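Scroll down for the structure; my scribbles are underneath it.
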Amino acid sequence: MAILVNEKTKVMVQGITGRQGAFHAARMAGYGTRVVAGTSPGRGGSEVEGIPVYDTVEDTVTKHGANVSAIMVPAPFVKDAAFEAIAAGIGLLVIISEHVPVHDAVDIMAYAADGGARVLGPNTFGIIAPGQCKVGIMPGGIYRRGPVGLVSRSGTLSYEIAGALGEAELGISTAAGMGGDMVVGLSFVDLLRAFERDEETECVVLVGEIGGAAEEEAAEFIKTMDKPVVAYVAGRSAPPGRRMGHAGAIVERGRGTYEAKRAALEEGGALVADFPWEVPGLIASCSRD
Amino acid sequence: MAILVNEKTKVMVQGITGRQGAFHAARMAGYGTRVVAGTSPGRGGSEVEGIPVYDTVEDTVTKHGANVSAIMVPAPFVKDAAFEAIAAGIGLLVIISEHVPVHDAVDIMAYAADGGARVLGPNTFGIIAPGQCKVGIMPGGIYRRGPVGLVSRSGTLSYEIAGALGEAELGISTAAGMGGDMVVGLSFVDLLRAFERDEETECVVLVGEIGGAAEEEAAEFIKTMDKPVVAYVAGRSAPPGRRMGHAGAIVERGRGTYEAKRAALEEGGALVADFPWEVPGLIASCSRD
Amino acid sequence: MKLYEYMAKEVFHRYNIPIPDGEVASSPGAAGEIARRLGRPVAIKAQVLAGGRGKAGGIQFAPDPAAAEAAAGELLGSTINDLPVERVLVEEQLSIDGELYLGIIIDPASRGPLVIASARGGVDIEEVPDRDIIREPVDVRWGLFPYQVRSITSRMGISGRVANRFAAVAVSLYRLFRREDVILTEINPLVISGNDLVAADGRLTTDDDAAFRHPEVPDTEERTGIEEEITDLGLSYVPLDGSVAIMANGAGATMATMDILEHFGARAMNFLDVGGGADGEKMIRALELLARTKPAVVLINVFGGITRCDEVATAARDVSRRGVLGDIPLVVRLVGTNEEEGREILREAGIPAHSQLLDAAREAAQLAGGNVGGGGDLGDTR
Amino acid sequence: MKLYEYMAKEVFHRYNIPIPDGEVASSPGAAGEIARRLGRPVAIKAQVLAGGRGKAGGIQFAPDPAAAEAAAGELLGSTINDLPVERVLVEEQLSIDGELYLGIIIDPASRGPLVIASARGGVDIEEVPDRDIIREPVDVRWGLFPYQVRSITSRMGISGRVANRFAAVAVSLYRLFRREDVILTEINPLVISGNDLVAADGRLTTDDDAAFRHPEVPDTEERTGIEEEITDLGLSYVPLDGSVAIMANGAGATMATMDILEHFGARAMNFLDVGGGADGEKMIRALELLARTKPAVVLINVFGGITRCDEVATAARDVSRRGVLGDIPLVVRLVGTNEEEGREILREAGIPAHSQLLDAAREAAQLAGGNVGGGGDLGDTR
């Protein structure tokens, strides 16, 4: 098994007729994911790469039993798309789109809580259970199936780690991206908890970055975990006070520094890597315990 | 027993230091109602007619177990007061204040639904279980205890009927005002359903007026009731299209006319009185059935 | 409060809902000037708060500024359904490819906003069969979303760019509805003009009870002098066509009083609702104003709840002492909260008071010259 | 986007939050004129987007217009924390009976707005001990209510009229926070002046990602020419102080690249985040701009996800063909989505490409003259 998605997951893509939507829908399907449908208001009845397109999410649920949505619409339309998915009963929203207004994200999370839906993102690379299901924009080829859970705020950085794990012949149960924005759905803690319960997962790699307090919160939870956690935090060399590309990386008010996060994670019992390629070695060392 | 309130009900008054709040809090207490507390932000620690005053509704709940609130604050502050009461866990809000903005009423009803609270009003005269509990501004002396349930959109009109019942030596189990506004909490149907279940109630008097469709909805429900219903509808002589004092009485779009309501109620099985003083006679006639 | 069409459209414009190019004018010359600026055929629309304006000749068309000036001259100063035309809206004539209907009201049944839409715009929505009307309640916690409007347009049978524009208009109209405390708004017709949608006519009624939140909105109510003064007192006044002036507390009781009067062959000349605990001074002032309408009789019917009988009685006494009513007879019915105190005050002042509405209404009808015999048997039923 | 104090206060004013009487000036003469109009002692406040403005001498006081003109003359054209002062805000000096703090931020932990309040205003909130700070999350479905603020003021130990005013300000600030897409706002100090509260200083940062909803808000970002041009491309650019120009995709990978460069003794001169699927033309234009900053070396590090390796390779090839970089060496690391296609393009163009970040970073650091030996052993750990 894996967390959140598996080979039974029925994925639909919101924004499937867009440039990114069409490209990645095909990639996901090519990976073996059950991409059952897509939506594009006004384009219902057409097909994208053999995948049927509907006007409404409701149609994909009633006609194909879709239960996970990959949202790839332009930022101004994400709130509408997410609300539509939640109202239609989609259980997991994977919001790939970036530059979503933060107040829209706030509203989406509140509505998801009301509607019993879970959300990854916005601004996530998605989630992949190697060999079973890929919902997102990650390059599927770098992921090997195995016992390591991987959770990250950053996409490319997690690919880096996944690549390093693969070269060390370490496989992954599920790799999930929380999303790089200030407000996202599932947190490190939510995902760590899921990995702690997942039978396939033996240890977890947490990939963090400076800014915010998510790693500090994760560190508290790690204290309660039975499974070992290896962590890597990017941004050690970043000057304070600059915006590092996205809102989640605002360093300010003395919170969220590299030093604070590293110290908290180590105190929580995680092994902390200095560089991405050190992660496999640290996993090996904790597996020996 | 009665519906919604009884001799165990613990009432608090929001706006107890206001002119109307103080007057009617004393009247309620004088009637025998357990008026356990009142609120008036900034006036906490004082007393009104021997009733302790607090800054917050929460205090009245934790310190006195208040479970019903009579809201008597000026219209612009009703939304805040109602939200505070719902958040504090008050189970029944009796919103006496009139001229509450209708969008505020809409928000209150939505929040009450979320919070599991019930609402009478806004713009209600309140609710009385004769001899047990009076929460509102009605003259308590006209109500005699007995087997008739009374539900009304209008205050003075329901006093008229209650007075007529009293003179005919017919008593009342509970008399409840829905409130005269366009958007109110409990509906005719909600209250009829409660009366249908109430052991003390043998028959129900429904006092309606032109405008809206509440009486038509009630007529549908009456078809399913075992207990007899007698109805009176005011406004037969009102010219169409004029605003009759409050928003609930807007006659427009051909709906909500006297004729439509009367026909629906009769079709639903209710006996319809031409004048208030005919109601006791109709009750007697259906009791003979 | 009902807004004039031109005011409703100003609000639409503020919320990015497309309206025809145009301007309001209060003189024929100004209307011609606007037509000149627009430089194309125009519509001249009388600004009155009445339905059926078109059928009553309140909308005219003019191919050029001179014709526009002439049409405005005809409309200005005339009356439409008894309402004086003080302003006309001069607007570009739209090319019309279709007419839709879009409205939002407060729905008592769902206790919230209800979006109403139809592909059959341009006629009174009352005349559109139910099967052609879409109704969609909105959850105020979250508001109206484009995806919900897409479901509406799909049921309306419209698609493509028009459907997208419809969604944008509906979302804006909903935002306006909530932020401006609107209880009813209609865009009818919402004209399809090429690929765009334009609000060709607009209705907007705001919540009087929320006026305190919108001090910037001008008052449009067309009132008589007395109505204005009573409204300024914060009381509710309705002029009617009979001869009995009624002062009562509560809308329901007021209507019941009218019903009973009518049964006795008399009709209300106007009524004044002093419900909600109006104080004595206000009631005196209101009775002074009622007297100015020269009714055959004034009937006070109070069943005191939040209104207290002693205050009503004091007001009636002071009115009587000051001779405010002149020789207009006063009939009083007084029961309820503080009834004893009230009756005592009236007794001292020598004013008789009924305790039964039936008796008071019969006496008032008699004084107004009504056909009291018709209701004579009613007295026996209680 | 951070707004200048005077702009933040304009927004406060629109939402009925009291601000001191005053105006912004960009010349000493104008400042003196404003002081004359105010007719009382004034504060002259440098308008720069930097903290610690007071300590850096950015706030001066003047008893009369002449002194105001002189103070403005001193401030205008000077720099505060390296930022040029182009405008000053001239305001009435308030009589101060107390200083409170009120702020609202987006709280990642509760995934919504968080009201922050303290009775200890007037100092940086960072310096206020935790026990003196009240934090109250707000449910966005319903918003912030006065009753919730009363619970805050009660915990702050304030009451009476000041507490009521505080509630009104907080409710307005919350409405502003939501409607204007604010991610951080602070009123510090919120001055108690007699029975009133006045926002004596204000901070307001809006969400760049929501700028499309607020076309009326002017852009205040202080950028260099290159930063401006790259921002106009919709990409994210940060100037730093080293010698390596980095083009990477994603904030996390960019930071990791910098971390590794630093380990090899080199520092980034700037970085450009092309994450989110920027197209080829944009990347070429961005590389042209990077070249203008004259770095010792350009390092492209792409792990393709939504960014496709073939597009990056095509851009690198075109840049190379057109000689855009001059003699600045280019180091490329390329893996991920469409990696094969990308490598093929680079191979044909004769551009070598690394597959390991470690190797690419080491080469770039070497070309930049970094101390590569320090990281030599790292290669062995994988």
Side-chain angles (χ1 to χ4, degrees), chain B residues 12-18 37-46 53-63 66 69 71 73-90 93 95 97 100-101 103-117 119, chain D residues 15-18 97-98 100 102 104 107 110-115 117 119 134-179 190 192 194-197:
Chain B
M12 52 108 12
V13 177
Q14 288 178 266
I16 195 167
T17 58
T39 58
S40 182
R43 305 281 292 272
S46 61
V53 178
Y54 295 90
D55 284 328
T56 69
V57 176
E58 198 177 3
D59 279 347
T60 72
V61 172
T62 56
K63 295 182 184 161
S69 171
I71 298 184
V73 302
F77 307 114
V78 165
K79 183 174 170 183
D80 187 47
F83 270 67
E84 181 180 5
I86 296 163
I90 293 286
L93 280 64
I95 306 180
S97 312
V100 174
H103 284 269
D104 289 359
V106 165
D107 290 345
I108 290 168
M109 301 321 153
Y111 189 57
D114 270 14
V119 179
Chain D
Y15 284 84
N16 299 319
I17 296 170
D97 300 311
L100 308 174
L102 174 63
I104 311 181
D107 175 36
S110 62
R111 297 180 181 78
L114 185 73
V115 174
I134 319 287
R135 292 178 178 79
E136 181 88 14
V138 184
D139 183 339
V140 291
R141 293 172 305 177
W142 304 112
L144 181 67
F145 281 79
Y147 82 87
Q148 296 165 307
V149 188
R150 289 198 294 271
S151 138
I152 293 172
T153 48
S154 142
R155 281 177 281 162
M156 288 166 73
I158 61 176
S159 60
R161 184 164 157 81
V162 168
N164 288 341
R165 296 298 307 135
F166 191 91
V169 170
V171 167
S172 294
L173 193 67
Y174 178 81
R175 184 175 299 126
L176 174 169
F177 185 82
R178 288 283 286 172
R179 290 203 178 167
L190 178 58
I192 305 173
N195 272 324
D196 284 322
L197 289 180

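Because the structure is predicted, anything quoted here is derived from the model rather than measured. By convention in this document, chain letters (A, B, ...) are assigned in the order of the sequence lines, proteins followed by strands, and residues within each chain are numbered from 1.
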* Structure fact -> One should read off an interatomic distance between L197(D) CG and D97(D) CG, to the nearest 0.5 angstrom, of 10.5 Å
Chain B against chain D: donor-acceptor pairs under 3.5 Å:
residue: Y147(D); atom: N; partner: D80(B); partner atom: OD1; Å: 2.9
residue: Y147(D); atom: N; partner: D80(B); partner atom: OD2; Å: 3.3
residue: R150(D); atom: NH1; partner: D80(B); partner atom: OD2; Å: 3.1
residue: R150(D); atom: NH2; partner: D80(B); partner atom: OD2; Å: 3.3
residue: R150(D); atom: NH2; partner: E84(B); partner atom: OE1; Å: 3.1

* Which bit of A110(B) is near chain D, if near means a heavy-atom gap under 4.5 Å: side chain, backbone, both or neither? -> both
* **Pairwise distance CZ(R178(D)) to CG(L144(D)) - rounded to 0.5 angstrom** => 12.0 Å
* Would you check if R135(D) and D107(D) make a side-chain contact, meaning some heavy-atom pair closer than 4.5 Å? => no
* Is there a side-chain contact between I108(B) and V78(B), using heavy atoms and a 4.5 Å cut-off? -> yes
* Could you go through the side chain to side chain contact (heavy atoms under 4.5 Å, CB included) check for V171(D) and F145(D) one step at a time? => CA-CA 7 Å; V171(D) 167; F145(D) 281 79; over 6 Å; no
* How long is the gap from CG on L93(B) to CD1 on I86(B), to the nearest 0.5 Å? -> 5.0 Å
